[in-house]
Amino acid sequence: AIGGGVAGFIAGTVMCNPCDNTTSRKRRRGGKWKCTARCHVKDFSGVSVGSGFVTGFGTGPSRSMAAQAAMANASSNTPPGTHARHCRATRCWR
């Protein structure tokens, strides 16, 4: 009786395959590239900037699109009264 229960448990485990979920496959395929970016902050209103840099993160199907998304994200993180200059992707990976 014990052996049959174990065999049924193993057979049930083998039949269950979480990798067949097409939603997770589509999600993995969608933003293969990830990048971080860094921009200098230009103060034009007398606001204290702190470190003088902002950082951002972005993803995309290609390296260049992920870098553009990261730079846009960094630019949007600037404090009021400032704007970002000289943005560049600092690191990209898959």
Side-chain angles (χ1 to χ4, degrees):
I2 295 173
V6 171
F9 175 74
I10 292 172
T13 304
V14 172
M15 290 174 61
C16 177
N17 188 357
C19 296
D20 285 342
N21 187 353
T22 57
T23 306
S24 66
R25 253 191 253 152
K26 286 180 184 175
R27 214 177 293 135
R28 272 184 287 172
R29 217 180 291 148
K32 287 186 178 180
W33 283 93
K34 298 168 188 72
C35 290
T36 57
R38 184 175 174 175
C39 306
H40 293 279
V41 175
K42 175 67 176 167
D43 177 16
F44 60 88
S45 67
V47 175
S48 177
V49 178
S51 70
F53 293 97
V54 289
T55 58
F57 177 78
T59 61
S62 68
R63 185 178 190 271
S64 63
M65 289 180 76
Q68 286 176 343
M71 289 185 281
N73 180 252
S75 294
S76 69
N77 290 333
T78 57
T82 64
H83 66 271
R85 295 181 52 168
H86 310 294
C87 294
R88 66 181 187 91
T90 54
R91 180 172 176 245
C92 292
W93 67 97
R94 279 191 185 200

For the student: nearest non-hydrogen atoms of A74 and A37, plus distance: CB-O, 4.3 Å
Kindly give the heavy-atom pair with the smallest separation between T82 and D43, and that separation in Å. CG2-CA, 4.0 Å
Does V54 offer a backbone N or O that forms a donor-acceptor pair with the side chain of N77 under 3.5 Å? no
I want to check something: taking the side chain as every heavy atom from C-beta on, are W33 and C92 in contact at a cut-off of under 4.5 Å? yes
So NE2 of H83 and OG1 of T78: to nearest 0.5 Å the spacing works out to 9.0 Å
Tell me, please, which residues at least two apart from T55 pass side chain to side chain donor-acceptor pair (under 3.5 Å). none
Which heavy atom in A67 sits nearest to a heavy atom in C35, and how many Å separate them? N-SG, 3.6 Å
What residues form a ring pair (Phe, Tyr, Trp, His ring centres under 6.0 Å) with H40, not counting sequence neighbours? F53, H86
Interatomic distance, M71 atom CE to C39 atom SG [nearest 0.5 angstrom]: 8.0 Å
Could you state the interatomic distance from CZ (R38) to CZ (R88), rounded to the nearest 0.5 Å? 7.5 Å
At their closest point, which heavy atom of N73 faces which heavy atom of G56, and how far apart are they? OD1-CA, 3.1 Å
